[in-house]
Amino acid sequence: MNLNIEMQKLKELAREAADIIEKYEHVRVISHNDADGLTSAGIICQALLRQDIRYHTSIVPRLDKSVVDMVKETTADDDLVIFCDMGSGQSDIISEIKQEIVVLDHHVPVGESPAKVLVNPHIVGIDGAMHISGSGVTFFVSMEMEPANIDLAGLAIAGAVGDKQIFSTLNGHILEEAVNAEVVSIKKGLKIGDGDIAKVLEYTPEPYLDITGDSEKIAQFLDFLGIEGKIEDLNPDQTKALTSAVALKLAKNASPEAVDAAIGDIYILNNEIVSNVYDLVAILNTCGKAEKYGMGLSICLKDKTHLEEARDMAISHQISIVENIKKGMDMVKEGKSIGYLIGTDMESTGMIASTFVRYVNPDMPFVAVNQVDDLVKVSARGTRALVGKGLDLSFALREAAKLVGGEGGGHNVASGASIPPGTAEQFIAKVDEIVAEQLPKQEKAE
Ligand code: C5P
Ligand code: C5P
Ligand code: ZN
């Protein structure tokens with residue numbers, strides 16, 4: 001990969017998108033309901049407003065026909081439609097929209113895009129699953145609109161952290177620019193939110209440790225290390241003792257991703273109203289799940305009105321994620337090539353699947369299936385090592401979902417699907433078969 005050439009090509013696409021956007025007085029923005037989608041919306045909304053372009057933004061959990069119907073009903077003929085963090089995989093669905101479309105996304109493109117411009121790392125040869133998020137792509141476009149938008153880089157960094165990406169290549173470039181402009185600072189330590197160390201370790205689902213969710217074990221662990229108080233006030237020696245002790249806990253089973261996710265550079269967002277990136281990501285993911293889209297977007301727009309409420313909600317949400325992961329531990333089954341569970345009324349299937357593959361068994365991708373009323377939602381997660389061996393969960397879930405009358409997609413390392421009730425077993429069998437073909441030599445370590 002020649003990053004300079006590829007990044008230049010992406011910047012050219014971003015320039016084309018900026019040229020189109022700047023012709024409009026009003027824009028219809030549609031973005032995704034997770035941290036990456038909300039930060040993407042936060043970036044584009046601020047960039048638009050700074051150019052006196054008005055916008056109407058909607059945040060949605062997935063891009064399906066109902067979203068296209070909503071766009072058709074609520075968009076004036078002479079408006080531009082911008083999709084952020086979605087739109088590349090749904091070319092057929094969005095082609096029903098008659099207004100001009102710009103897609104700012106990092107999912108694998110499927111089919112002929114009806115968009116006037118599709119700004120997407122995959123079409124310039126960069127893997128969008130790991131190297132740039134929807135918010136990173138949107139940030140590139142905002143920088144083409146106005147270089148002063150560099151102050152929005154913190155949101156791009158938060159989006160990439162939310163999508164569990166790596167900070168080399170394109171994300172590394174955004175980070176370097178953000179640090180140079182003093183928009184982001186870096187400190188070393190345990191990659192978790194701010195606050196009382198015992199409490200934060202108790203409710204934080206990542207890193208997932210053998211003490212997570214257990215206040216007594218956490219008290220013993222911290223006593224042994226002689227550490228108490230707020231994590232942000234720990235001195236360098238205490239931070240070192242804490243990170244070494246966590247590294248030791250991870251040494252046994254965890255994947256390299258888990259170690260990366262636990263220890264290392266912590267990004268401090270100097271221009272955002274929530275400065276610890278892990279806190280901001282947790283708050284935004286919570287707002288998305290709770291359908292408090294206005295709350296999430298307003299926090300990205302630096303409005304403190306609902307911040308305390310959102311912080312409290314994020315803590316409760318993380319507590320429930322930890323409970324769900326623990327519940328899931330007892331329900332795990334193994335196919336020939338995947339670990340999986342089929343549950344009902346469980347939340348956070350994405351975090352459950354991610355925890356299993358990162359912390360419990362990194363040799364097998366994990367698929368979590370959850371039935372709520374008449375909807376069955378699936379999340380699948382792998383590791384970079386498995387992707388290196390040929391794993392493509394996006395393909396596997398799309399094909400298996402098609403077989404049972406559902407739909408799915410996403411990234412090679414992380415993908416999702418919706419399938420009809422009653423089809424979970426058949427769906428899992430098909431995913432297992434496809435993944436076994438993708439990872440032919442995958443055999444259990446003796
Ligand atoms: O909507 P989007 O495609 O950007 O979401 C990607 C999802 O995949 C996020 O929920 C992110 O946390 C998850 N992910 C993961 N493990 C990875 C990469 C992404 O769980 N290695
Ligand atoms: O829902 P979940 O977080 O597991 O989604 C993981 C990835 O799969 C995201 O990139 C999401 O956009 C994608 N996805 C999809 N089609 C679905 C469900 C999820 O493309 N039906
Ligand atoms: Zn994303």
Side-chain angles (χ1 to χ4, degrees), residues 31-41 59-65 67 83-90 93 104-110 120-122 127-139 156 158-166 171 205-206 208 255-258 260-261 278 281-282 284-285 288-289 321 347-359 362 365-370 375-388 391-398 400-402 406-420 427:
S31 192
H32 192 207
N33 73 340
D34 66 0
D36 186 30
L38 284 162
T39 49
S40 303
I59 305 294
V60 297
R62 74 194 71 84
L63 177 44
D64 55 20
K65 197 175 169 312
V67 173
F83 287 103
C84 294
D85 193 29
M86 49 174 51
S88 308
Q90 299 87 359
I93 304 183
L104 314 180
D105 191 16
H106 67 132
H107 293 85
V108 178
V110 180
N120 185 312
H122 292 279
D127 179 6
M130 297 179 202
H131 294 279
I132 188 165
S133 61
S135 57
V137 170
T138 308
F139 173 71
V161 169
D163 271 6
K164 301 189 195 289
Q165 297 202 320
I166 52 178
N171 283 326
E206 172 128 50
Y208 190 82
S255 62
E257 270 94 336
D260 287 353
Y278 299 100
V281 165
L284 296 179
N285 278 330
K289 278 269 152 51
I321 292 175
E347 269 178 69
S348 340
T349 46
M351 273 305 296
I352 292 173
S354 170
T355 305
F356 277 101
V357 73
R358 287 184 163 198
Y359 296 87
F366 198 90
V367 185
V369 180
N370 179 40
L375 193 69
V376 182
K377 285 197 59 193
V378 185
S379 289
R381 301 289 188 266
T383 64
R384 292 197 290 274
L386 291 171
V387 168
L391 177 71
D392 183 352
L393 288 171
S394 177
F395 178 82
L397 264 68
R398 185 178 300 117
K402 249 191 245 164
E407 47 97 28
H411 308 284
N412 49 19
V413 71
S415 83
S418 304
I419 55 173
F427 172 85

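Start at 1 and go down the list; that is how both ligands and their atoms are numbered.
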Query raised in the report: Got a second to check how far H107's NE2 is from L63's CG, nearest 0.5 Å?
Result: 10.5 Å
Query - Enumerated ligand 1 atoms positioned under 4.0 Å from heavy atoms of R358 - result: 21 (N)
Report task. Name whichever N, O or S atom of D85 ends up nearest to the Zn ion (ligand 3). Result -> OD1
Query raised in the report: Counting each atom of ligand 1 from 1 as listed, which ones have a heavy atom of G162 under 4.0 Å away?
Result: 11 (C), 12 (O)
Query raised in the report: So is G382 polar-close to ligand 1, meaning N/O to N/O under 3.5 Å?
Result: no
**Report entry** Closest H106 atom to the Zn ion (ligand 3) [N, O or S only]
**Finding:** NE2
Requested in this report: Show the protein residues that qualify under the rule heavy atom under 4.0 Å from an atom of ligand 2, listing them in chain and number order.
Outcome: H107, S379, R381, E407, G408, G409, G410, H411, A414, S415, G416, A417, S418
Report summary line: The atom of D163 among N, O or S that is nearest the Zn ion (ligand 3) is OD2
Query raised in the report: Of all N/O/S atoms in D36, which lies nearest to the Zn ion (ligand 3)?
Result: OD2
Query raised in the report: Checking side-chain hydrogen bond (donor to acceptor under 3.5 Å, both in side chains) for the pair H131/N171: CA distance, chi angles, key distance, verdict?
Result: CA-CA 6 Å; H131 294 279; N171 283 326; over 6 Å; no
Requested in this report: With rounding to the nearest 0.5 Å, note down the distance linking OG in S418 to CG in L397.
Outcome: 10.0 Å
Requested in this report: Output yes if D105 passes the N/O/S-under-2.8 Å test against the Zn ion (ligand 3); output no otherwise.
Outcome: no
Report task. Hey, could you give me the CZ/OG1 distance between F366 and T355, rounded to the nearest 0.5 Å? Result -> 9.5 Å
Query raised in the report: Which is it for D127 and R384 under the salt bridge (charged side-chain N to carboxylate O under 4.0 Å, His left out) test, yes or no, and what are the steps along the way?
Result: CA-CA 12 Å; D127 179 6; R384 292 197 290 274; over 6 Å; no
Report task. Kindly compute the distance separating CZ (R358) from CD (E257), expressed to the nearest 0.5 Å. Result -> 5.5 Å
Query raised in the report: Got a donor-acceptor contact below 3.5 angstrom from the N370 side chain to the K377 backbone?
Result: no
Query raised in the report: Would a distance-only check, ignoring hydrogens and angles, find a side-chain to backbone donor-acceptor pair under 3.5 Å from D163 to Q165?
Result: no
Report task. Please tell me if the side chains of H411 and S394 come closer than 4.5 Å, counting only heavy atoms from C-beta onward. Result -> no
Requested in this report: Hey, could you give me the OG/CG distance between S415 and D392, rounded to the nearest 0.5 Å?
Outcome: 8.0 Å
